[in-house]
Amino acid sequence: MKVLKMRGCLGPNVYPAVPDGGWGWVVAAAFFLVEASTYGVVKTLGIFLQDLMEEFGESNSRVSWVISICAFIMTFTAPLATMLSNRFGFRPVVMMGGFLTCLGTISSAFTSSIKDMYITIGVISGFGYCLSFLPTVTILAQYFCRRRSLVTAVASSGESFAVFAFAPVFSRLKEDIGWRYCLVIMGVIQASIISCGLLLRPIVIETVKDAASEADAVAQSDYELENEQTCTSVDSALSRGSEDSGVPSSASDEDWGSEEAKTKALMAQQEQERPRSPPPSPSSEKEGSFLPDSEAGPLKPRSPKLLDFSVLRDGAFIWYSLFGLFATLGFFAPQLYITELSKSRGVPVTASSCMLSVMAVAEIVGRLSIGVVLDRARCRKTLVVLGCVVLLCLVLVAFAVVWEFWGLAVCCALYGFFLGTVASTHIPLLAEEDVVGIQKMPSCVGVYVFIQSFAGLAGPPLGGVLVDVTKNYGAAFYSCAAGMGLSAVCLALVGVAKSRMCQRRLRREQKDEEQEEKLSRCSDDSDFLELDFGPRGGPAPGLRDPSVI
């Protein structure tokens, strides 16, 4: 990743190890605001569903395409966001995302048809959401190690606070100023993402030991090369001396001692003439890890891959991506249809708008709880999340069968709690060794979110079609429950695939060790043959050629 060379508060942070704090707390606060301005706004747009249907004379399914296209673009363009972040850094990408988000939301207030909103909120704001959210969550994971789960869960609660605050406030405002002016206010709030992007200082972990070991390796290879060249030059010198004198290669102890002295002198001269590699400068050390050149030159920073599609050969990653694909079916539709579902079940309008707030409060509790549990869990973290996914699936089924205010309120509370546990952990879990690990996360997170995009595109419209056909808003929750059930099966297979991959790797390592052991035995048997200091192809010094009389 190319990081612009800046000093002071804008330059990169250099640490000898992952800090688990420091400037990471500022990044966590920035991620909190980004979550509130992206996912928080997307989940709040459900309060304008009826207004858009009446304004443009469209059906449920056609209006829900606004949210679907936005969710699809937000996830489908994830590989592009990853490449831009690895190429230009996190800061400019997030700032550009904030500008596009603000532009799309404000321009949607002046649209004259639902198709225009497909472009403004769906494409422009959706792409801005991706450029804002993905780099922020990636750099936050790099600032923390031991506290990663807890900090990410707390910071991601920004979307829950946004839903809790935005739902009742904008429900009241739209009655006074209309839904168009509400969208303008939302766009102004989303402009805060630009300032959040300025706070995303890159993090650099100094690898002094790695650089020193690589430098030693370069010096060792140079030394071996010089030894080989020295032996060759000594052999050639002795051969030339024998040819010039016309006497076969034989010498007394005195002659051999003088030749040995010449050899030492020649080695000392080459040691003085050999160019020394300059030590790495502090600026180059701050850029990250180092990689030696093919020659003994200065150490250069290693550039990561812009996008790593090699993870598609990893069975654990494939199953985890399928988990994210099916789980996304239940991330957006419930918030979109819960208000209308409550109205259809006889709940008053004022109480129906509070359902989103109940979800938001419970989601905050769920995010904080899962962060504490995962930090203290002694088992695989994927197993903890699997239990939450199964319970979330059961709650989605309950939405379709309960009636009246308190039944729906309990379902909203349970759904919000378990949604918070899953939504706040499914991306950070990529950094765990159970899936891909922290080293591969910056490159493969875009591939993971890209796979999710197709479920984000199909989820809300599928629920809208079921509602239009059955005339029952509860039918939309059945599709969400089905997707969540499939995601639970895929998540359960992640551990199986990881175990098999580890077993195959262990077998390969054992084979490699056996081959190395065989080679070492062969080399030990032939080491004594290299003690011959005489010229190559001739008899050893001190021995008379029997052919010469």
Side-chain angles (χ1 to χ4, degrees), residues 68 71-72 74-76 78-79 82 134 137 141 149 152-153 156 308-334 366 370 373-374 377 379-397 415 417-437 440-441 443-460 462-463 476-504:
S68 299
F72 174 73
M74 179 169 51
T75 51
F76 184 80
T82 301
L134 202 60
V137 69
S149 299
T152 306
S156 64
D308 188 8
F309 282 102
S310 64
V311 292
L312 294 177
R313 297 193 298 266
D314 189 343
F317 177 78
I318 294 296
W319 286 114
Y320 194 82
S321 299
L322 292 176
F323 150 71
L325 174 68
F326 294 117
T328 307
L329 291 173
F331 282 175
F332 297 100
I370 195 64
V373 171
L374 291 182
C379 61
R380 285 185 175 180
K381 296 181 180 180
T382 52
L383 296 178
V384 179
V385 178
L386 175 60
C388 297
V389 171
V390 173
L391 295 174
L392 182 59
C393 179
L394 298 177
V395 173
L396 286 170
V397 175
Y415 172 80
F417 179 85
F418 291 115
L419 177 66
T421 61
V422 178
S424 63
T425 55
H426 73 104
I427 292 181
L429 275 182
L430 287 169
E432 301 296 330
E433 294 300 327
D434 292 345
V435 188
V436 296
K440 291 185 178 181
M441 181 187 177
S443 298
C444 74
V445 66
V447 180
Y448 169 73
V449 179
F450 169 79
I451 295 175
Q452 283 185 280
S453 62
F454 299 99
L457 179 66
L462 178 60
F477 291 83
Y478 281 123
S479 63
C480 298
M484 201 62 64
L486 290 174
S487 70
V489 175
C490 296
L491 184 58
L493 294 174
V494 172
V496 178
K498 195 69 175 180
S499 300
R500 290 181 178 178
M501 186 180 67
C502 292
Q503 290 175 0
R504 289 195 300 267

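In this chain, residues are counted from 1 in sequence order. Values below: every heavy atom of this structure, side chains too, minus hydrogens, waters and symmetry copies.
- Here Leu134 contributes atom CG and Ile427 contributes atom CD1; the two are 6.5 Å apart, rounded to the nearest 0.5 Å.
- By the ring-ring contact (aromatic ring centres under 6.0 Å, His included) test, Tyr320 is found to be paired with Phe323, Tyr448, residues two or more places apart in sequence or in another chain being considered.
- With sequence neighbours left out, the ring-ring contact (aromatic ring centres under 6.0 Å, His included) criterion links Phe326 to no other residue.
- For the atom pair OG (Ser321) and CG (Leu430), the distance works out to 7.5 Å, reported to the nearest 0.5 Å.
- How far NE2 of His426 is from OG1 of Thr421: 11.0 Å, rounded to the nearest 0.5 Å.
- Shown here are the side-chain hydrogen bond (donor to acceptor under 3.5 Å, both in side chains) partners of Ser156, two or more places apart in sequence or in another chain: Arg367.
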Legend entry - side-chain contact (heavy atoms from CB on, under 4.5 Å) between Val447 and Phe317, intermediate numbers included: CA-CA 10 Å; Val447 180; Phe317 177 78; 4.1 Å; yes
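- With rounding to the nearest 0.5 angstrom, the OG atom of Ser487 is 8.5 Å from the CG atom of Leu386.
- Note that OG of Ser424 is 6.5 Å distant from CD1 of Ile370, once rounded to the nearest 0.5 Å.
- Considering only heavy atoms from C-beta on, Thr75 stays 4.5 Å or farther from Phe450 through its side chain.
- Using a 4.5 Å cut-off on side-chain heavy atoms (C-beta onward), Leu429 and Lys381 make contact.
- Closest heavy-atom contact between Leu419 and Leu392: N-CD1, 4.0 Å.
- To the nearest 0.5 Å, the span separating CD1 on Ile451 from CG on Leu322 amounts to 7.0 Å.
- Between Cys393 and Ala481, the shortest heavy-atom distance links the atoms SG-O, 3.3 Å.
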Inset, instruction - Give the intermediate values and the outcome of side-chain contact (heavy atoms from CB on, under 4.5 Å) for residues Val397 and Phe477. - result: CA-CA 7 Å; Val397 175; Phe477 291 83; over 6 Å; no
